[in-house]
Amino acid sequence: MKSTIHPDIYKIIRHDQEQNTDYANTLRSYLMNGRNAVRTANELHIHKSTFFYRLNKMEELFDLDITQEETMVVYEYSFILIEYLRKIKL
């Protein structure tokens with residue numbers, strides 16, 4: 001199952017660990033909140049402009065295109081799978 005997680009997600013998680021950033025959690029929250037910026041910012045307890053800064057920075061650092069529906073669905077699936085695997089401790 002781990003092999004179906006998109007490589008970009010692993011890249012973002014690795015970057016977070018190395019640089020002490022919170023990009024993976026920001027992207028996960030955005031996707032799980034139906035791609036709603038206001039709900040995401042509220043959930044993360046950050047200002048909406050901070051959220052957009054992070055989103056733009058992720059697009060720049062990881063070559064993400066959040067307008068690509070297919071890719072966003074795969075990312076969303078990847079985060080759901082990661083949470084599931086953590087729960088069953090794999």
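Side chains are part of it too, since the values below use all heavy atoms of this structure and drop only hydrogens, waters and symmetry mates. Quick note: residue numbers are just sequence positions, from 1. Just so we're clear, the structure is a prediction, and the values are computed from it rather than from any experiment.
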- Within one Ile-Leu-Val-Met-Phe-Trp-Tyr cluster: Tyr10 and Leu61, side-chain cutoff 4.5 Å: yes
- Query: Rounded to the nearest 0.5 Å, how far does CD1 of Ile13 lie from CD1 of Ile82?
  - Reply: 4.0 Å
- Query: Would you say Met1 and Ile9 are hydrophobically clustered, going by side-chain heavy atoms of ILVMFWY under 4.5 Å?
  - Reply: yes
- Item | Any Glu43 side-chain heavy atom under 4.5 Å of Met32 side chain | no
- Within the distance-only criterion (no hydrogens, no angle test), does the side chain of Arg39 pair as donor or acceptor with the backbone N or O of Asn33 below 3.5 angstrom? yes
- Item | Partner residues of Asp65 under the side-chain contact (heavy atoms from CB on, under 4.5 Å) criterion, sequence neighbours left out | Thr67, Gln68
- Joint cluster assignment, Ile80 & Tyr75, ILVMFWY side-chain distance < 4.5 Å: yes
- Query: Under a 4.5 Å side-chain heavy-atom rule over Ile, Leu, Val, Met, Phe, Trp and Tyr, are Ile66 and Val38 clustered together?
  - Reply: no
Pairs of donor and acceptor atoms involving the side chains of residues 44-52, under 3.5 Å and at least two apart or interchain, shall be tabulated with distances.
unit_1: His47; atom_1: ND1; unit_2: Ser49; atom_2: N; d: 3.0
unit_1: His47; atom_1: ND1; unit_2: Ser49; atom_2: OG; d: 2.9

- Query: When you check the gap from the basic side-chain N to the acidic O, do Glu60 and Lys57 get nearer than 4.0 Å?
  - Reply: yes
- Message: Is any side-chain heavy atom of Tyr30 closer than 4.5 Å to one of Thr26?
- Response: no
- Knowing that exactly one of Val73, Leu31, Ile5 qualifies, which makes a side-chain contact (heavy atoms from CB on, under 4.5 Å) with Ser78? Ile5
- Task: Look at the aromatic rings of Phe62 and Tyr23 and report parallel, tilted or perpendicular, splitting at 30° and 60°.
- Result: perpendicular
- Item | Distance in Å, Lys87 NZ paired with Glu83 CD, rounded so as to fall on 0.5 Å steps | 6.5 Å
- Student check: side-chain heavy atoms of Arg35 and Glu76 closer than 4.5 Å: yes
- Item | Atom pair CG (Leu85) and NZ (Lys2), whose distance is rounded to the nearest 0.5 Å | 6.5 Å
- Message: Quick check: is Ile12 connected to Val74 through a chain of hydrophobic side chains (ILVMFWY, heavy atoms under 4.5 Å apart)?
- Response: no
- Query: Can you tell me how far the CZ atom of Arg54 sits from the CG atom of Asp22, to the nearest 0.5 Å?
  - Reply: 5.0 Å
